[in-house]
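Heads up: the structure comes next, in structure tokens.
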Amino acid sequence: MQKRVFLDLIPRAGVFTSALGCAGCFPALGALGAALGMGALSRYEGLFINLLLPLFAAIALLLGVIQWFLHGVFWRGLLSVSGPVIVLLVLYPLWSFAWSTPLFYVALGLMLVASGLELWRPAGGGVCQS
């Protein structure tokens, strides 16, 4: 596995971990985190939501944009960028709306699909360069 795949997965794993630590904000993910034994993270909820979640989403967005420009595949770039953009939108301008939590889950799903696609078929991985 290449280094760039790990660079792509680190911020997405950080977003998921940050969301798992916030049972009050995202009940479904909080319940999953508690089931996985991460209930002790709830005391760091403010740190996760206010600092780590936007930081990891911004890093994922930056890496997605870089990947988009390097490989030039429109649908793949759009998929890798849309999840972090939605996460940042939900955290800041859209937080007060009732539909922001389901939208956040959609963003996490998009990030999960993008990560899985990157693991399953890395962009540019099947091209033989001589």
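Just so you know, residue 1 is the first one in the sequence shown, and it goes up from there.
With respect to Val81, the side chain to side chain contact (heavy atoms under 4.5 Å, CB included) criterion is satisfied by exactly one of Ile86, Val65, Leu110: Val65.
Linking Ile, Leu, Val, Met, Phe, Trp and Tyr whenever their side-chain heavy atoms come within less than 4.5 Å leaves Leu70 and Leu61 in two separate clusters.
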Task: Step-by-step side-chain contact (heavy atoms from CB on, under 4.5 Å) determination, Phe56 to Leu51 - done: CA-CA 9 Å; Phe56 282 124; Leu51 181 68; over 6 Å; no
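Taking each heavy atom of Ser80 and Ala114 in turn, the nearest pair found is CA-CB, 4.1 Å. Of all non-hydrogen atoms in Val87 and Ala57, the two that sit nearest each other are CG1-CB, 3.8 Å. Among all heavy-atom pairs drawn from Ala60 and Met111, the shortest one is CB-CE, 4.1 Å. Closest heavy-atom contact between Asn50 and Tyr92: O-OH, 4.4 Å.
Interatomic distance, CG of Leu91 versus OG of Ser100, reported as 9.0 Å (0.5 Å rounding). Expressed to the nearest 0.5 Å, how far CG of Leu88 lies from CG of Leu94 amounts to 11.0 Å. Here the straight-line distance linking atom CD1 of Ile59 with atom CG of Leu52 works out to 9.5 Å at 0.5 Å rounding.
Leu62 meets the side chain to side chain contact (heavy atoms under 4.5 Å, CB included) test with Ile66; sequence neighbours excluded. Remark: Phe74 pairs with Trp68, Leu78 by the side chain to side chain contact (heavy atoms under 4.5 Å, CB included) rule, at least two apart or across chains.
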